[in-house]
Each structure stands twice: as C-alpha cells, then as structure tokens.
Amino acid sequence: MAQLVYDKNGRLLFTQEMKKEYTILFPTMLPVHFGLMARIIEAEGYKVEMLTTNHRNIVDEGLKYVHNDTCYPALLVIGQLIDAVKSGKYDPHKVALLITQTGGGCRASNYIHLLRKALVKAGLEFVPVISLNMSGLEHNPGFKLGLGTLRKAVFAMMYGDIIVQTANQVRPYEVNPGQTDQTIEKVEEHLLAEMSQGKGLSFKSMVANFDHIVAAFKAIPVAGEPKVRVGVVGEIYIKYSPLGNNNLEQFLLSEGAEPVVPGLTDFIIFKIYNREVDVNIYGGKWVKKKACQVLKGYVEKCQRAMIAAMKKGGFRAPGTFEDLRQLIKGYLGEGNKMGEGWLLTAEMLELIHSGTPNIVCTQPFGCLPNHIVGKGMIRKLKDDYPYSNIVAIDYDPGATKINQENRIKLMLANARGLAKQEAERQQEEVREAAHA
Ligand code: SF4
C-alpha cells in the first residue's frame, strides 16, 4: 500500500507510488471534451475515471459536507466525488480525486479546499486531491502532465467543440435514432488513435481533422422541418453538465426543440484574455501580457479554422471571440470577468444576432457573478431586442425539475407563438408585394 506523504503545509500529496495503484476520479462537465481528456491522461499511464453518475444522493452528499450557502456547482461536484468514494465501487484507500482550479477570483479556485474539508468531515482525509490548473497553484510528485499532454488537451478541447456543435445541429433531425451519438464515438476513436501515434497534433492536421469531423456528421441522414432553436447559456458547470442542469439538452430535444450551446473555446480564450486585461487595468509585467497574447493568438487561429470548416461543411458556425468582444461594447466593461463575466452576456447577444432569440439562462444558487451578467442583463437585452425570449432558470438543491421544465415549456410556447407571428408577417408582406 502506498505511503501517505504530506508537504510542509500538511497537504496530502499524490505520489509516484500512487500513480501505479490509484484510480483518479474526476467529475464530468462536458461529457465529450472531458471523455477525450480522460483517455489522453490514461495514455500517460494513469488510471482515470470520469464520473457520469446522476442521482439524488449526489445532492444529499453535497448538502451533508458543504455549507448550503456555497454555490450549487461546488455542492454538486463535491457531492459527486464523495458519493463515488463511498459507493463501494472503489477501494477508498486506492482512489484520488482530481478537480480543476481556474486560478481566477471566483470560488471555482477554492472548490479544492472545500473538497478537502468535506473529506475530513466524511472521515476520508486519507484520499489525495489533485489540482488541475494552468496557474502553477499546486504540485504533486506523482501527477505531472508534460507539454505534449497539455498540447493534446488543448486539441481535445477544440475537437470536443466542433464535435458537439455539429452533432447538436444533426441530432434533432436524424432519421436513424442514435446515429449522431454513434458517430461521436467513431470520431473520438479516430482522434485518439491518431494522437496515440503522435499524429493530429499540428495545426495542419487539426484542420484536416476538422474537415473529417464535419464530413462525418454531414453524412448522417436527416429529415423534417427546422425546429425552434433554443440557446443555452449560464454559469459554465450548470450550462454544460447534465447533472447540473437536470439533463436540459435532453429535455429540449424531447420537447421538439434544437439546443444551441455555445462552445468552450470562447471561455478558454476569455480566461487567457483576462490576464491581459489585468495588466491593462491594474498594471503588471509586460512579458506576461505578451505571453498571453501569443497563446490567445494561437487558440484564436484554431477557432477561425474550426469556424471555416463548419461553414464549408454547410453547418451554422459561431462567431469568433473578437466578434463577441465587439458585441459586448455598450453593455459591460472588460473588467467584469468574475465567473463567466461579460462573456455570458456576449453569448446571449450572439445568439440573438444569429437568429436564436429563445434562450435558457441557467443560474446556479449562490452564484453572484453570473446573476449579474446573466439574469441582471435580461431587462437590458429585452429593451434593445424586444423579440428576445429569455428565461432565467434557477438550479439549487431544492428546485424541482418539474418547476424548471414548466418554465422552459412556457418559454417554448412563446417561441412558437413568435415564430407563427413572424411567418404570418412574412406572408402578409408577400401578399402586399403581389398586389402592389
Ligand atoms: S461562477 Fe458562480 S457557480 Fe461558478 S464557481 Fe463562481 S460563484 Fe460558483
């Protein structure tokens, strides 16, 4: 059995020995992106498992070990991890928990401390916790991801985005139920096989893979009239995680709508750009700003290639990060960057501008930043775009699914009413033109 080793501050470390024996568990947020990430980390010799559990006990475990004033995503993530350790599926003395730290000012940087506190309270203080961050916040001798792996991770995020965004445009119309999900699996296998051979990791091969992915989804037979499109925005965890949003995308599909979920790439660029903004507003090292500009420039170049591939393949493509930055002018300043910051409002603006004025704005309990840039901006957007149809849905341990779904159904009824009115208005225009 691996020995427990602590650093000088008393933090339990994940050691080299543990790398051989332990299974690293981590919570799901974006099933496709994180699934790819898990396989990449696995290829480095770690045993990893992405938790896809989704049941009430997760909330109850969270409530037991996290203060109920804490934001709901923290409660769910910690509840899911502790539920897994106690599930009997794993030897609690042979598991480690992996959690991300954004390194920003929001609570997402501090989940890790809440998790360690919760483990002590649950009598599981011998379970090591690993931080995954890009800010050099914590180190572990047994968990090191080299530059090669980080590069693969960035590619996985880009591939995850184009897979999800093209799949979402096909799934509601697929002739053979389940074919879109099967295609996702096939595409993932192709990408992972390439990466394991050291291929698919240059800009040129990324562009080729974008084309490959688009072609795979384009080949799926589709049928039917266009459905009402519904945008999903909000705090990052609740927006993406089926556990956090009570399977929102699935619900929208079952109601005959087409979900439109903005990708992760803009959030990544946003996080890099914020460091540049810090230097602009508060001062700081010129070299830090320059390094961020170079990194941001590279991710933006990849984003442009992704957009071009989607357009070439006949899919609706999102705008660039720069487009979002332009859209937000006159609404929020760039210093507004806690949580999703100005990006959340910009995503709503982009959806409205691109013909998706029906939006579900997911709001977790206890999340001050996103209440300001989400719910807090809806009035202003409604004033500027009277046809926008935005509903803010609260997610918390006591909120009932039925209540959330009824509010979304009401929004959908409005959306269908607005679409009917618009169709009648267009017909009227055609009639008038014919009589003129
Ligand atoms: S953005 Fe909101 S929900 Fe997410 S960590 Fe921060 S406070 Fe919590």
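Note that ligands are numbered from 1 as they come in the structure, with each ligand's atoms numbered from 1 the same way. Quick note: residue numbers are just sequence positions, from 1.
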J.: I want to check a possible cation-pi pair here: Lys337 against Phe270, using under 6.0 Å from ring centre and within 45° of the ring axis as the test.
T.: no
J.: Hey, which atoms in ligand 1 end up nearer than 4.0 Å to a heavy atom of Asn370?
T.: 1 (S)
J.: I'd like to know if Ala74 contacts ligand 1, where contact means a heavy-atom distance under 4.0 Å to any ligand atom.
T.: no
J.: Using a strict cut-off of less than 4.0 Å between a Lys/Arg side-chain nitrogen and an Asp/Glu carboxylate oxygen, indicate whether Glu194 and Lys152 qualify as a salt bridge.
T.: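 The answer is no: the pair does not qualify as a salt bridge.
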J.: Starting from atom 6 (Fe) of ligand 1, which protein heavy atom do you reach first, and at what distance in Å?
T.: Cys106 SG, 2.0 Å
J.: Are Glu347 and Lys239 close enough for a salt bridge, meaning some N to O gap below 4.0 Å?
T.: yes
J.: So which of the N, O or S atoms of Glu235 lies nearest atom 4 (Fe) of ligand 1?
T.: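 Relative to atom 4 (Fe) of ligand 1, the closest nitrogen, oxygen or sulfur of Glu235 carries the name OE2.
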J.: Show me which atoms of ligand 1 lie under 4.0 Å from any heavy atom of Cys71.
T.: 3 (S), 5 (S), 7 (S), 8 (Fe)
J.: Suppose we call two aromatic rings close when their centres sit under 6.0 Å apart. Are Phe365 and Tyr395 close by that rule?
T.: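 No: the rings miss the under 6.0 Å criterion.
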J.: So is Tyr111 close enough to ligand 1, meaning a heavy atom under 4.0 angstrom away?
T.: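 Tyr111: in contact with ligand 1 (<4.0 Å).
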J.: Of all heavy-atom pairs between Cys71 and Gly366, which one has the smallest distance, and what is that distance?
T.: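 In this case the closest contact between Cys71 and Gly366 is CB-O, 3.6 Å.
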J.: Checking contacts here: is it the side chain or the backbone of Ile238 that comes within 4.0 Å of ligand 1, counting heavy atoms only? Could be both or neither.
T.: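 No part of Ile238 is near ligand 1 at this cut-off.
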J.: Do the numbers put Lys47 on top of the ring of Tyr22, so that NZ or CZ is under 6.0 Å from the six-membered ring centre and no more than 45° off the axis?
T.: no
J.: Let me check your reading of the structure: within less than 2.8 Å of atom 8 (Fe) of ligand 1, is there an N/O/S atom from Cys367?
T.: no
J.: Numbering the atoms of ligand 1 from 1, which are under 4.0 Å from a heavy atom of Gly339?
T.: 1 (S)
J.: How about Ile24 and Glu49: do any of their side-chain heavy atoms sit closer than 4.5 Å?
T.: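 Ile24 vs Glu49: side chains apart.
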J.: Under 4.0 Å from a heavy atom of Pro73: which atoms of ligand 1 are those, numbered in the order shown and with their elements?
T.: 3 (S)
